[in-house]
Structure formats: C-alpha cells, structure tokens
Amino acid sequence: MNAWNAAESADFRGPLDVTRAATAVLDAQDTVIGWSPAAQDLLGYLPEEILGHHLETLVPAGDAWAEQSPDAALRSSQSRAVRHRDGRLLRMAVAICPLAKVPDGTGSLPARVLVAADLGAHRWWESRQAMLHGLATQSPVSLGIYDTELRLTWANTAYIREVGLPLREFLGARADELYPDAEFMTEGYPRTLDGVMHQVIETGQPVLDLHLVGQLPSDPGTDHVWSCSYYRLQNARGQVLGICEDAFDITDRYRAQRRLNLLVEAGARIGTTLDMTVTAQEITEVAVPDFASLVTVDLVACVLDGEEPGAGDGGVPTLMRVAARSVRSVRGAPNAPPADPHRVEYPPGSLQYRSLSSGGLVREEGTLVVPLRAGGTPLGLVTFLRDTGQSLFDTEETELADELVLRTAVCLDNARRFAREHKAALTLQRNLLPQHLPAQSAVELAYRYLPSDDRAGVGGDWFDVIGLSGTRVGLVVGDVVGHGLQAAATMGRLRTTVRALARLDLSPDELLSRLDDLVGPTADDGVATVAGEDGTDDVTIGVTCLYAVYDPVSRRCTLARAGHLPPAVVTPEGGLSFPDLPEGPPLGLGGLPFESLDIELPAGSLMALFTDGLVEARDRDVDEGLEILGRVLSAHDRPLDELCDHALAELLPDGPAADDSALLLVRTRELDARQVAAWELPAEPTAVGRARELATGQLAEWGLEELAYTTQLVVSELVTNAVRHASGPLHLRLLRDRTLLTEVSDTGHTSPHLRYSASDDEGGRGLFIVAQLVQRWGTRYTPDGKTIWTEQAFPPRYPGAPRPDG
C-alpha cells in the first residue's frame with residue numbers, strides 16, 4: 001500500500017499542512033514510509049530519496065521519543081538538529097506522535113508521525129493557537145465550521161450561546177436543518193443558506209456581509225437578522241475541507257435602521273395630497289409589508305365631510321373604513337383599498353372599542369391599535385396586524401407605530417380643514433352661479449359647469465344669461481384665475497357687477513371698461529382688486545371676460561372680450577367660425593381700451609361661449625381643444641343639451657380637470673313680425689296725438705284694449721319729452737313678447753329723471769305718473785341717441801303673444 005495515503009487519512013494532516021510543517025510517516029522500525037510536500041520544501045529530499053531510509057538519516061541518534069497526542073506533541077516540541085539534503089543541520093522544533101493503525105491488506109501497520117518546523121513557524125503556530133482559543137471562547141462573533149456536506153463540525157462559544165442549545169444537540173446537523181426558514185435579503189445571491197454555501201464551495205469566492213433573516217431553534221417566534229460571511233476551507237494543495245461561517249447578530253441595528261427608514265419613507269410618501277382617503281391609503285402602503293401584514297384605517301364619519309369630529313351614540317363615534325392593505329388579498333383583490341368608504345362597527349371589548357373609549361393605543365399579541373388624534377381631537381383609528389409567524393410588536397415598534405400615526409393624523413387634519421374649506425367654497429360657488437336660467441325669447445340655451453377636481457380646489461369660472469330691454473339678451477362668460485374661497489367670492493362679486501352694469505343697457509365694450517375700472521389697480525398699492533360689500537378688497541389677477549348682446553329683432557349680436565377666448569359660431573347651414581373679435585387685455589390692467597364687434601346671426605345660428613378649462617389641458621393645447629369643440633358643434637341641429645354632454649365627453653373624458661370648465665350654448669331666434677310694430681314721427685307737437693292713435697290702433701289689433709289707456713299716457717309723456725328736449729325724427733315701437741314693451745327713441749343723449757314735484761309746480765309729474773303705471777322703465781343709449789322704454793304686464797286672461805320658432 002501507499003503509506004502516504006495512510007498519513008492523508010490522519011485527522012490532523014490538514015492542520016499540519018496549513019502550518020507548513022515537515023511531516024514524515026514512520027513504521028514500527030522508524031523507517032520513513034511517508035513524506036509530505038512541506039517536508040520536501042523544508043528539507044530538500046525528494047520522496048524517492050528518503051523513503052525506506054531510517055529516521056537517523058534525518059535526526060541524529062538521541063533520546064527515545066515519547067509518544068504523545070498531536071496537540072501535546074506540538075506544545076512540547078523540542079529544539080533539535082535536523083539534517084538537510086545538502087548536509088546542513090537545521091535547528092527545528094521537532095515532535096513525534098502516534099499515527100492510527102491503518103490496514104495494509106495483510107494485517108495492520110503500526111506507525112507514527114514526525115513533525116518538524118523551523119522555530120519561527122513554531123512560534124507562529126503557538127500564536128495561532130492562542131488566537132484560535134480566543135475566537136473559540138471569547139469572540140462575540142459566531143463562528144461555525146461545516147464540512148463539504150454542509151454539516152456543522154465545530155462551533156465557538158458565541159455560536160453555541162446564540163443557538164441556545166448544548167453543542168451535542170446540533171453538532172453534525174446541516175445548515176438548512178438548523179435554520180429551515182432562513183432567507184437572505186441581499187440581492188444577487190441565492191436566497192437560502194444551502195444555496196450560498198454551495199456557491200462558496202464550488203467557486204471558492206468568499207461571500208461577505210450577507211443579511212440573513214430567520215429564527216433561532218431556541219426562539220422560534222422571533223425573527224433575527226445576521227450579517228454573515230462565508231469562506232471556503234482548503235489545504236495547501238487546494239483540497240476542499242469545508243466552509244467557515246462567521247455571523248454577527250445585527251437584529252437591533254437592523255430594526256433601528258428599519259424604523260428610521262420607515263420614518264423617512266413616511267415623511268416622503270404620507271400627505272402628498274389633501275385627499276383624506278389617499279392619505280389614509282398612503283400609511284397602509286408604507287407599513288405593509290415591512291412593518292405589518294395588515295393595516296386598516298378607520299376615520300370618524302364627520303371627518304370625511306371636513307367637519308369637527310363629534311361623538312355618536314354612547315360617546316363612541318361612527319367609523320368609516322377608508323383604507324386597507326394586506327400582504328394577502330383584501331376584500332377579494334390583492335392590496336386593494338375599499339371601493340368606497342363604508343361603515344364599520346367594533347363590539348364592546350374589542351381592541352378598537354377599547355382604544356376609542358380610552359383614547360390610547362392598545363396592544364395585544366400580534367395586534368396594535370393606535371388612535372388618530374389631532375390636537376386632542378379623535379379622527380379615527382389605525383390597526384396594525386401581524387401574522388403568527390412574525391414577531392410581536394415590542395416597545396420600540398409600538399413607539400414607531402405611534403410616530404407613523406401621529407404624522408398621518410397631522411396630514412389628515414390638514415386634509416380635513418381643506419375639505420371643509422373646499423366644501424364651503426363649493427357651496428359658495430354653487431350659490432353664486434346661476435341656479436336657474438329663465439327662458440328667453442331671444443335664444444334657446446343650455447349650459448354645463450364642471451368644477452375642477454378636488455386637488456385643485458374650487459375655481460372662479462362663471463357664466464350668465466341676462467334679460468335686457470327690448471327682448472334682447474346679454475350673454476357672459478368669465479374666468480378668475482386661482483382657486484379657493486377667494487376665487488369663488490371674487491367670481492360672485494364680478495358676476496353681480498356684470499349683471500348690474502348690464503341692466504344699465506351698456507354696450508359690451510362700455511361694460512367691460514366699467515368693469516375694468518372696478519377691478520383696476522388701487523391707488524394705494526397698485527394691486528388689482530375688486531371691492532366687496534364690506535369694504536374689503538379681493539385681489540384679482542388675470543380676470544378674463546366675454547360679453548355679448550343679441551337682439552332678436554335685428555338679429556344683430558354685439559360682442560367684446562377682455563383677454564378671453566372668442567366664441568364659436570355655427571350658421572344654420574353648418575359653417576363654423578371663431579369671430580375675429582378684438583382681444584382686449586384681461587381685466588384689472590387698466591388704461592387700455594376695449595372694442596366691440598357687431599355681427600349678424602341668422603335665426604337658428606348656434607353660438608358657444610366657454611372658458612379655457614374646457615378646451616385646454618396638460619396634454620392638449622388650446623388649438624387642439626378648439627378643433628375638437630368645432631367637430632362637436634358641427635352637429636348643430638341636435639338638441640343643445642345633447643351637444644353639451646357630447647362636448648364634455650369629448651373634451652373632458654376623465655371628468656373634472658385641474659381647472660373649472662364652463663360651457664354656454666345658445667341657438668338664436670327671431671321675433672315674429674306679428675310681435676313688432678314701429679313708426680317714425682316728426683319732432684313736433686303734432687307727433688304726440690299721432691303716437692297715441694297709432695299705439696291705440698295696434699293694441700286693438702293685438703287684443704290688448706285693456707292696456708290702451710295706460711299706453712296712451714305713457715306714449716304721450718315720452719313723446720312729449722322727446723319733442724321738448726331732443727331733435728331729429730322720433731321713433732315709436734311696440735313689442736309684444738312676454739310683456740308689452742313701449743319704446744320711444746330720439747337723437748338726444750340726455751335722460752329724463754324721475755323726481756317728486758312740489759305742490760306749486762306746474763310740470764314734472766308726468767314721468768312720475770308713468771313709473772307708477774308700468775312694471776319697469778329705463779333708458780338705453782345708442783350711437784345715434786337714446787331710447788326710453790317701459791314694460792307692462794298682460795291682462796290675466798290674455799292668451800299671450802305668438803312664440804318665436806325653435
């Protein structure tokens with residue numbers, strides 16, 4: 001047999017090779033039968049030059065050798081002279097120890113082994129032994145040595161202490177048996193212990209600082225985290241002996257880092273919007289799965305409406321489930337929040353009920369309930385739940401949960417306050433916008449108003465339809481840049497102002513000029529404002545407006561705009577245009593004039609007035625929006641309500657956008673010829689009688705004899721004033737619409753004033769008497785003069801005037 005093979009099977013061969021000691025195997029007669037590579041390197045003999053020679057070839061004859069165990073032999077090695085191949089005598093540490101009997105095919109071969117090393121290597125060995133002793137007994141790092149089959153063959157004191165069991169109970173166990181559920185968290189490596197160890201053995205590349213999470217055999221209910229490193233063990237010839245593992249328990253450090261990471265993530269992810277439902281969902285996304293397996297958020301019902309929290313029956317408020325998230329499915333869908341907030345009830349004695357009643361957090365087993373509070377006011381509850389396989393909530397984790405919930409409560413309270421303000425602004429806006437637009441003889445109309453989404457807040461867009469004298473109608477649409485209560489309040493004041501100015505029968509350009517003066521910069525600070533009724537000012541920057549007046553008698557439409565988009569006009573034949581209306585500056589800049597444009601609109605024409613929120617979006621410019629609107633309006637013969645819905649569906653398919661959207665559609669009408677009677681009269685006294693005759697005759701034709709006496713008084717007074725105070729031809733016109741309108745026009749620009757006459761005055765009572773006889777009266781100016789008009793109600797039994805077509 002090969003005697004060296006017998007030496008290779010010795011338990012201590014590997015460690016002796018590692019120390020680079022010369023090893024010689026001897027038979028019972030001290031003949032050299034085995035020779036190690038290290039012996040060849042140190043003493044120079046090739047195996048064929050030394051095998052079969054007596055021990056005295058190497059070591060001169062001397063005292064008998066005492067056989068010892070390998071450890072004892074090395075510790076008690078003597079300094080002796082050892083002969084080199086070249087004849088030199090080297091001072092070396094020499095020891096001899098027995099070698100286990102090995103079979104030779106015919107019996108057994110007693111043998112022993114001689115180990116020789118230079119004195120420096122011997123001192124190195126002793127220091128190495130001291131270091132290994134320290135690692136084995138005093139090091140806080142857990143050390144374990146596994147053989148090539150990944151079975152534990154040695155462990156130091158720290159390893160044994162961490163496992164918590166006597167070494168004899170787990171020595172020889174495989175790594176995956178010791179930690180069956182352990183898993184590495186570091187990316188780029190196998191996830192299991194078995195996989196990492198095999199990789200190190202196969203490649204020889206050490207693996208450093210892998211984070212392993214698992215549970216100890218002695219503590220199966222608690223997760224631990226270790227920083228682990230693995231090294232392949234091999235001898236000088238590269239033969240793999242096993243694998244060494246060092247591990248350091250970093251559970252406390254890992255948990256502290258995880259808590260810090262969660263707080264940082266919470267600061268970045270919770271409260272990104274002022275939507276309470278979104279904010280509630282955000283804390284569940286932060287906490288699952290790193291902190292808990294299931295998280296639910298329940299808010300007090302009134303909090304969702306922006307109100308101050310209040311108690312329900314028995315002092316326990318009504319809760320609404322607004323968010324839930326789990327590592328498993330929630331309500332049938334993975335990680336799905338509740339479709340809509342729904343009511344939840346907790347029975348007396350439950351953790352949630354106890355938390356609501358006490359106002360404090362409650363912890364029991366794997367459940368932790370933390371109240372949402374803002375300034376001592378309860379907003380709701382957050383429930384954290386862990387699976388049975390996870391560790392329970394400790395004190396530090398409870399404090400972390402409390403901090404997460406506290407941050408969430410602050411964000412929720414801000415969102416609640418915003419919801420309250422948004423609700424108030426929305427209510428104000430709805431109250432300030434037209435609640436109902438009365439039917440008009442001049443136009444058929446339909447409208448849509450879509451507030452901005454909740455993220456942007458209430459805006460300042462508005463529209464209006466204003467009945468004017470002479471059956472005319474005023475059409476207005478405007479936009480106050482900005483959102484919130486201030487924008488809504490400013491919008492309401494502007495709308496009221498426009499209605500008041502429109503009642504004065506001002507032309508569109510004149511109305512915008514007056515409005516610009518009211519919104520213009522103040523003398524104090526140069527900031528554009530609009531005065532409120534309480535004397536305060538609202539800052540108004542970027543107010544735009546479009547105002548149009550349509551006359552169904554002449555079919556003329558006069559328009560002017562202040563920084564607003566022009567309307568879209570579709571003729572009865574289907575031709576689309578956007579009138580080249582002079583733009584004019586936005587309101588509030590002051591000092592720049594406005595111009596009007598007068599166009600003719602045949603009966604049945606379609607006109608669309610709108611704000612930029614309808615046609616402009618983040619992913620679409622104005623021109624593209626106008627093109628889409630024009631395509632919708634091309635179906636001009638469809639009902640107006642249908643056209644409005646179609647326009648919103650095409651331009652705002654996803655519902656409310658970041659800006660308000662207003663759309664006002666009108667289809668023009670023309671008064672029936674049987675509703676209008678007009679005459680031209682000379683500016684002389686005889687015109688008064690002639691005017692009375694013409695009016696009386698027309699009323700008889702219309703079946704309105706009951707109004708003849710009053711109308712004669714009105715015509716006499718108005719024509720008389722025109723003859724006295726004006727020049728040029730006079731015009732008398734009667735309009736039979738929803739009321740009887742009487743108009744007298746002249747070329748003068750001075751308006752009569754209603755006044756009380758003294759008892760000795762001979763005149764001045766005529767207009768006062770007229771005002772008592774009619775419903776309304778007024779004056780409107782034209783480029784050629786003025787028109788005084790009055791309005792009388794029809795008799796109760798009168799069937800009414802013929803209505804315009806369409």
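Model, not experiment: these values are computed from the prediction.
- For T398, the side chain to side chain donor-acceptor pair (under 3.5 Å) partners are R363, not counting sequence neighbours.
- Side-chain contact between F170 and I160 is present, with at least one heavy-atom pair separated by less than 4.5 Å.
- F393 carries R386 over the face of its six-membered ring, with the cationic atom under 6.0 Å from the centre and within 45° of the normal.
- D249 places none of its side-chain heavy atoms less than 4.5 Å from the side chain of Y254.
- Within the 3.5 Å criterion, the main-chain N or O of I201 finds a donor-acceptor partner in the side chain of R232.
- In plain terms, the two heavy atoms of A323 and Q281 that are nearest each other are CB-OE1, 3.3 Å.
- Q40 contributes atom CD, which lies 10.0 Å from atom CZ of R85 (distance to the nearest 0.5 angstrom).
- V322 approaches A280 most closely through the heavy-atom pair CG2-CB, 3.6 Å.
- Side-chain contact between Y146 and M197: present, with at least one pair of heavy atoms (C-beta onward) separated by less than 4.5 Å.
- Distance CG/L152 to CD/E177: 11.0 Å, rounded to 0.5 Å.
- In terms of heavy atoms, G34 sits closest to L51 at N-CD2, 3.5 Å.
- Under 3.5 Å, the side chains of D209 and S227 contain a donor-acceptor pair of N or O atoms.
- Remark: the S229 side chain and the E245 side chain contain no N/O donor-acceptor pair separated by less than 3.5 Å.
- Side-chain atoms of T57 never come within 3.5 Å of backbone atoms of H53 as a donor-acceptor pair (strictly under, hydrogens ignored).
- Side-chain atoms of E162 do not come within 3.5 Å of backbone N or O of Y159 as any donor-acceptor pair.
- Residue E403 comes nearest to L263 through the heavy atom pair CG-CD2, 3.3 Å, listed as atom of the first residue, atom of the second, then distance.
- The line from CZ of R407 to CD of E282 is 13.5 Å long, rounded to the nearest 0.5 Å.
- From C228, atom SG reaches atom CG of L212 across 4.5 Å, with rounding to the nearest 0.5 Å.
- Although no hydrogens or angles enter the test, the distance criterion places a donor-acceptor pair under 3.5 Å between the side chain of N156 and the main chain of V141.
- Defined by atom type and a distance below 3.5 Å, a donor-acceptor pair is missing between the side-chain atoms of Y230 and D246.
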Open item on the list: L379 vs R373, test: side chain to side chain contact (heavy atoms under 4.5 Å, CB included). Steps then yes/no.
Closed with: CA-CA 5 Å; L379 301 178; R373 305 184 70 84; over 6 Å; no

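- With a 4.5 Å cut-off on side-chain heavy atoms, D298 and M320 do not count as touching.
- When only modelled atom types and interatomic distance are considered, N261 and Q257 share a side-chain donor-acceptor pair under 3.5 Å.
- Going from atom CG of N414 over to atom OG1 of T273 covers 11.5 Å, rounded to the nearest 0.5 Å.
- Enclosure of atom CZ in R253 is not indicated, since only 12 or fewer non-hydrogen atoms of other residues, nucleotides or ligands lie within 6.0 angstrom.
- The nearest pair of heavy atoms linking H198 to L150 is NE2-CD1, 3.7 Å.
- Within the 6.0 Å centre-distance limit, the rings of W226 and Y179 are counted as a close aromatic pair.
- In terms of modelled atom types and a separation under 3.5 Å, the side chain of E49 and the main chain of L46 share a donor-acceptor contact.
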- [ ] Assess whether side chain to side chain contact (heavy atoms under 4.5 Å, CB included) is satisfied between L43 and V82, documenting all intermediate values.
- [x] CA-CA 8 Å; L43 300 177; V82 180; 3.8 Å; yes

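- Judged by distance alone, with hydrogens and angles left aside, the side-chain atoms of R354 form no donor-acceptor pair with the main-chain N or O of V362 at under 3.5 Å.
- A heavy-atom distance below 4.5 Å is not found between the side chains of F184 and H211.
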- [ ] Test E285 against R269 for salt bridge (charged side-chain N to carboxylate O under 4.0 Å, His left out), laying out the working first.
- [x] CA-CA 9 Å; E285 293 170 354; R269 295 182 58 185; 3.3 Å; yes

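- In summary, the side chains of H54 and D30 do not present any donor paired with an acceptor at a separation below 3.5 Å, with no hydrogens or angles considered.
- Looking at T367 and V369, their side chains come closer than 4.5 Å, going by heavy atoms from C-beta outward.
- Of the listed residues (L372, V286, D413, V297), just one forms a side chain to side chain contact (heavy atoms under 4.5 Å, CB included) with T408, and that residue is L372.
- Heavy-atom neighbours of E169 CD from other residues, nucleotides or ligands within 6.0 Å: above the threshold of 12.
- When side chains are defined from C-beta on, I50 counts as touching L58, because their heavy atoms get closer than 4.5 Å.
- Remark: H342 NE2 to L319 CG distance equals 11.0 Å, nearest 0.5 Å.
- Side-chain atoms of R174 come within 3.5 Å of backbone N or O of E149 as a donor-acceptor pair.
- Looking at heavy atoms from C-beta onward, V32 lies in side-chain contact with L26 at the 4.5 angstrom threshold.
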- [ ] I would like to know whether T192 and D176 meet side chain to side chain contact (heavy atoms under 4.5 Å, CB included); could you show each step before the answer?
- [x] CA-CA 8 Å; T192 63; D176 54 3; over 6 Å; no

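- Judged by distance alone, the side chain of S355 and the main-chain N or O of G360 form a donor-acceptor pair under 3.5 Å.
- Salt-bridge check for E183 with R191: passed, with a basic side-chain N closer than 4.0 Å to an acidic carboxylate O.
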Task: Audit row: R83, E56, salt bridge (charged side-chain N to carboxylate O under 4.0 Å, His left out) steps and yes/no - done: CA-CA 9 Å; R83 183 178 289 109; E56 292 181 355; over 6 Å; no

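- Under the 3.5 Å distance criterion, the side-chain polar atoms of R321 are left unmatched by any main-chain donor or acceptor of T296.
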Task: Residues L294, V327; criterion side chain to side chain contact (heavy atoms under 4.5 Å, CB included); working and verdict - done: CA-CA 7 Å; L294 170 66; V327 294; over 6 Å; no

